[in-house]
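Here is the structure we will look at.
The sequence lines fix the lettering, A, B, ..., with proteins before strands; numbering per chain opens at 1.
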Protein chains: 2
Amino acid sequence: MNISAASKAAGLPAKTVRYYADIGLVPAPARSESGYRSYDGASVRKLVFVRRAREFGFSISECRELLGLYEDRRRSSADVKRIAARRLAEIALKQKELQSLHDELAHLVDACRGDDRPDCPIIDGLGARRAG
Amino acid sequence: MNISAASKAAGLPAKTVRYYADIGLVPAPARSESGYRSYDGASVRKLVFVRRAREFGFSISECRELLGLYEDRRRSSADVKRIAARRLAEIALKQKELQSLHDELAHLVDACRGDDRPDCPIIDGLGARRAG
DNA sequence: GCTTGACCTTCCAGTAACTGGAAACACTAT
DNA sequence: ATAGTGTTTCCAGTTACTGGAAGGTCAAGC
């Protein structure tokens with residue numbers, strides 16, 4: 001399996017597949033005689049795992065941790081749950097921030113007539129923070 | 001007003017204030033005889049404007065646009081509203097993504113006993129995408 | 001006048017996680 | 001033989017800063 005087949009199977013760009021091996025996130029693949037990278041099912045499964053974890057917003061360094069646990073037959077669920085719960089808390093926080101951002105900006109957009117006149121509550125609203 | 005006073009007034013690190021002038025986002029400030037940057041109220045107002053816009057998630061390039069409109073006495077509300085509405089749509093999309101991410105990860109965390117046993121729904125759930 | 005310390009300057013490098021592109025080699029089909 | 005596609009390495013660029021080194025400036029205290 002050359003890199004483009006593996007990258008298609010994993011759902012990642014070939015560049016990214018190379019990159020993940022370069023930084024040691026996944027093991028460097030075997031090479032053909034001519035130097036082509038050669039992938040098997042196990043490598044692809046790891047790449048899928050990493051892609052999924054990245055989609056969940058885990059950082060590369062968290063992916064390293066998770067991948068370690070993924071490969072370790074003796075890992076406890078507790079370790080994994082700890083990392084996932086931390087990530088979940090970050091997501092919840094991000095959601096709250098995004099919500100207040102949305103509300104504030106939506107308020108400004110609503111207050112803006114959107115016509116040709118220079119008077120604009122959005123610009124005014126960006127100029128100074130209101131209480132809250 | 002030296003840079004640290006201006007940066008405090010604007011609510012930005014001094015490094016960032018320098019950076020914004022370096023990339024031409026705000027005009028380069030006047031200099032004292034000894035080469036110190038010297039800020040006035042107008043520069044500070046612009047910096048506050050940029051800080052606020054950045055807090056709203058506008059990119060530097062969008063800030064450039066908005067700042068241009070902010071400074072242009074003849075700008076129409078429509079221009080500003082268009083940029084803000086686009087940003088609002090992006091925020092809404094991000095919110096939806098974050099929500100499904102949250103739900104899926106929360107589901108996995110709930111399904112995990114979090115004990116010492118190696119059986120772990122989170123790890124399993126990262127390995128393959130379920131329908132949905 | 002001299003020192004101390006805070007503040008200022010420029011410049012270079014690093015961060016996260018890739019992505020784009022050039023130059024050159026390998027493989028396949030015609 | 002040649003064309004076209006796939007692959008390799010390596011370097012640079014992206015975004016929006018941030019950290020740090022080396023050195024100049026200013027005000028206060030002795």
Distance in angstrom units between [X] [atom1] and [N] [atom2], rounded:
X      : N       : atom1 : atom2 : value
E55(A) : dA17(C) : CD    : C1'   : 15 Å
D22(B) : dT10(C) : CG    : C1'   : 10 Å
I3(B)  : dC26(D) : CD1   : C1'   : 17 Å
R18(A) : dC18(C) : CZ    : P     : 15 Å
M1(A)  : dG6(D)  : CE    : P     : 15 Å
E33(A) : dC27(C) : CD    : C1'   : 14 Å
K15(A) : dT14(D) : NZ    : C1'   : 13 Å

Below 4.0 angstrom from OP1 or OP2 of [N], is there any side-chain N or O of [X]?
X      : N       : value
R31(B) : dT10(C) : yes
N2(A)  : dT7(D)  : yes
R37(A) : dT7(D)  : no
T16(A) : dT19(C) : yes

How would you label the contact of [X] with the nucleic acid (heavy atoms, under 4.0 Å): base, sugar-phosphate, or nothing?
X      : result
S32(A) : nothing
I23(A) : nothing
R54(B) : sugar-phosphate

Expected output: side-chain R51(A) to main-chain L12(A) donor-acceptor under 3.5 Å: no
Main-chain N/O of S59(B) paired with E62(B) side-chain donor or acceptor, under 3.5 Å: yes
Measuring from the side chain of [X] (C-beta onward, heavy atoms only), which nucleotide among [options] has the closest atom?
X      : options                   : answer
S59(B) : dT8(D), dA16(D), dG20(C)  : dA16(D)
Y20(A) : dC18(C), dG20(C), dA16(D) : dC18(C)
S34(B) : dC26(D), dA17(C), dC27(C) : dC26(D)

same_hphob_cluster(V80(B), V48(B)) at 4.5 Å side-chain heavy-atom cutoff: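 Yes; V48(B) is reachable from V80(B) via cluster members.
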F49(B) reachable from M1(B) in the ILVMFWY side-chain graph, under 4.5 Å edges: yes
Stepwise salt bridge (charged side-chain N to carboxylate O under 4.0 Å, His left out) check, R87(A) with E65(A): CA-CA 13 Å; R87(A) 177 69 201 141; E65(A) 269 188 280; over 6 Å; no
5′-ward residue of the pair Y36(B)/Y36(A) relative to DNA chain D: Y36(A)
5' priority, DNA chain C, between Y19(A) and S4(B) [closest heavy atom]: S4(B)
